[in-house]
Amino acid sequence: MLKLISLEIRKNKLKTLLTGAAIVNLAILAFMIMVIFVDQNESEPSFASYADMFEGVFVFVKAAYIIFASVIISKLVIDEYKNNTITLLFMYPISRKKLMTAKILIVFAFTFIAIIVSDIVVGAILIGFNSFVELIPGELSLPMITSELIKLGANAFYAAGIALIPLYFGMKKKSVPATIVSAVLVTSLISGGFDQARLGNLAAVSISLGLIGAGIAYMAIRNINHKDIA
Amino acid sequence: MTTILRTRNLTKTYQGKEAVSNVNMNIKQGEIYGFLGPNGAGKTTVMKMITNLVKPTSGEIDFFNEKMTDHSYEMLKRMGCIIEYPVFYDKLTAKENLILHGEYMGYYDPQAIGEALELVKLTGIDKKPVKQFSLGMKQRLGIARAFMTKPELLILDEPINGLDPVGIKEMREVFRMLSREYGMTLLVSSHILGEIEQIADTIGVIRQGALVEEVAMESIRGQNTEYIEVVTNEISKAVYVLEHKLGLNNFKVLDHITVRIYDGGISQRDLNKALVLADVEIESISKKQHTLEDYFLQLIGGEGVA
């Protein structure tokens, strides 16, 4: 399986994704800093505390990487169908299930790890930045950081599942736009709203969407053996 | 010779319509099997079923006496294929594509790639991504990729599409070489009879999804009749000469001016001499052949075969 994953990475030149992720993080960082500055004179600033700030980072990172994942799904799965290289791939003496599993694992693992790393890096930079400008009031405490880290890990895990939902729409139509548009829709569904009334903040919603994503991935792998490749 | 691939009543239905119906193919080890049929006759569908891309609606495929199922992956190791048209990961170079192919096939021989590229005469393309290749170059690369792992069965769907006449000739040599030197069995499809005729040992003709004929080239070559055609204005005089002076009776008068002599015992020269001596005025005299083309056109029903 590791071998298949490394072949997929080589084949699709996935290392360039790291550059993409870096750009995404820079953009989120810039946006956060901008919001912090613009809001400083408002009576009700968006980020009244570190908890608010973390919340902001988590929402943006999650949204960005769910969409990012749909781009990877397009590259790894949908493009293979569109360019017909899937006929090549499925003529290899390797189980179709394993080939698909490798692809889906890449998407899942990348989303999970990218969200964790980005949350930590962007959060840490903002904390460092705030220690100079002191725009966000309040203190950081160890219990708070621990609880935020747990939240972050759980969030990343759900998001990695949710990121697989676009696979369903993409496979149905074998279309890249369908994949990415469905990712945008899913993202706006979970990150829309304001303050605490966000759908994605309800653990039950996140968990069920994550499970739906996992279910979609399972179905995609399970059915692959009997499919005709036209 | 042992049969390495056998299909039994192979059928594929798409939306209630039979694309391939009850095909019984027998491909013997070491031969070049020409798979001939007009466009849309079902050649590609049959090949896709053999390579396990498309699952048969009914019937079965035996490869090396082993029945193919949804889970038969190991047997794919023994095949090399191009189906429809050669596809590549086209942002990568030719070499990178072949390296990947080797990795997926579980075939590790660093020399094989260079050898294969050389054999199909693809050199000096080290840095070019496959995207920039012409169709002919892709076709060559596809052929190289298919035989690079030295498979026992090589499946080539329309391998000469997009090649120029020189390329066609070169690839024909490559196919013969692979068959003779490596003992590979080849299944080559085409809608161009002239091509198949030159390399195949056995020909399978498919029409509207049904295999209408499977025959060894040797036996049809023998069936072909040669004849001498004489065109003259004095047909009765000519017939008299044929019958009484030359003692021939295996000839046919076509119309008022043409007569065909099927008797193999007489040469064109002797015939000419006898007719001239009898003062028969000859418009033309020539040796002709019922070609394979006539034979296959008959089978296919005269459509679509160039």
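All chains are named by letter (A, B, ...) in the order of the sequence lines, taking the proteins before the strands, and each is independently numbered beginning at 1. Given the structure is predicted, the values throughout are model-derived calculations rather than measurements.
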Practice problem: Look at A/His226, A/Lys227, A/Arg96 and state which one has the largest set of heavy-atom pairs under 4.5 Å with chain B. | Solution: A/Arg96

Quiz item: Quick one: what part of B/Lys77 sits under 4.5 Å from any heavy atom of chain A, side chain, backbone, both or neither?
Solution: both

Quiz item: Which residues in residues 64-71 of chain A have any heavy atom lying under 4.5 Å from a heavy atom of chain B?
Solution: none

Quiz item: Closest heavy-atom contact between A/Lys173 and A/Ala178?
Solution: CB-CB, 4.4 Å

Quiz item: Any sub-3.5 Å donor-acceptor pair from B/Ser179's side-chain atoms to B/Phe175's backbone N or O?
Solution: no

Quiz item: Sub-3.5 Å donor-acceptor pair from the side chain of B/Lys43 to the main-chain atoms of B/Gly37, do we have one?
Solution: yes

Quiz prompt | Sidechain-backbone polar pair: B/Lys55 side chain, A/Asp228 backbone, donor-acceptor under 3.5 Å | solution = no

Self-check item: chain A contact via B/Asp70 - which portion, at a heavy-atom distance below 4.5 Å
Solution: both

Self-check item: ring-ring contact (aromatic ring centres under 6.0 Å, His included) assessment of A/Phe157 paired with A/Phe108
Solution: CA-CA 9 Å; A/Phe157 195 71; A/Phe108 186 87; 5.8 Å; yes

Quiz item: So does B/Glu195 pair up with B/Arg172, basic N to acidic O under 4.0 Å?
Solution: yes

Quiz item: Which of residues 92-100 of chain B get closer than 4.5 angstrom to chain A, counting heavy atoms alone?
Solution: B/Leu92, B/Ile99, B/Leu100

Quiz item: Checking heavy atoms, do the side chain of B/His101, its backbone, both or neither come under 4.5 Å from chain A?
Solution: both

Quiz item: In terms of heavy-atom proximity below 4.5 Å to chain B, should A/Asn84 be classed as side chain, backbone, both, or neither?
Solution: both

Practice problem: Mind running salt bridge (Lys or Arg N to Asp or Glu O under 4.0 Å) on A/Glu80 and A/Lys103 for me, showing each step along the way? | Solution: CA-CA 11 Å; A/Glu80 292 250 28; A/Lys103 287 171 183 291; 2.7 Å; yes

Self-check item: Residues of residues 139-156 of chain B within contact distance of chain A, non-hydrogen under 4.5 Å
Solution: B/Arg145

Quiz item: Do you know which two heavy atoms are closest between A/Thr85 and B/Val87, and how far apart they sit?
Solution: CA-CG2, 4.0 Å

Quiz item: Under 3.5 Å, is there a donor-acceptor pair between the side chain of A/Asn12 and the main chain of A/Glu8?
Solution: yes

Quiz item: Relative to A/Tyr81, does A/Lys174 satisfy both conditions: NZ or CZ under 6.0 angstrom from the six-membered ring centre, and within 45 degrees of the ring's axis?
Solution: yes

Quiz item: Listed by residue number, which members of residues 3-33 of chain B have a heavy atom under 4.5 Å from any heavy atom of chain A?
Solution: B/Lys12, B/Tyr14

Quiz item: Donor-acceptor pair, B/Ser72 side chain versus B/Met75 backbone, under 3.5 Å?
Solution: no

Exercise. Let me see the working for A/Lys11 and B/Tyr104 under side chain to side chain donor-acceptor pair (under 3.5 Å), right down to the final yes or no.
Key: CA-CA 11 Å; A/Lys11 192 167 77 181; B/Tyr104 273 116; 3.2 Å; yes

Quiz item: Which heavy atom in A/Phe54 sits nearest to a heavy atom in A/Gly123, and how many Å separate them?
Solution: CE2-CA, 4.4 Å

Quiz item: Hey, does the side chain of A/Thr16 reach the backbone of A/Lys13 with a donor-acceptor pair shorter than 3.5 angstrom?
Solution: yes

Exercise. Return the minimal non-hydrogen interatomic distance between A/Val61 and A/Ser118, and the atom names on each side.
Key: CG1-CB, 3.8 Å

Practice problem: Specify the closest pair of heavy atoms between A/Ile94 and B/Tyr73, including all atoms of both residues, with the distance to one decimal. | Solution: O-CD2, 3.4 Å

Quiz item: Which heavy atom of B/Leu122 sits nearest a heavy atom of B/Met137, and at what distance?
Solution: CD1-O, 3.8 Å

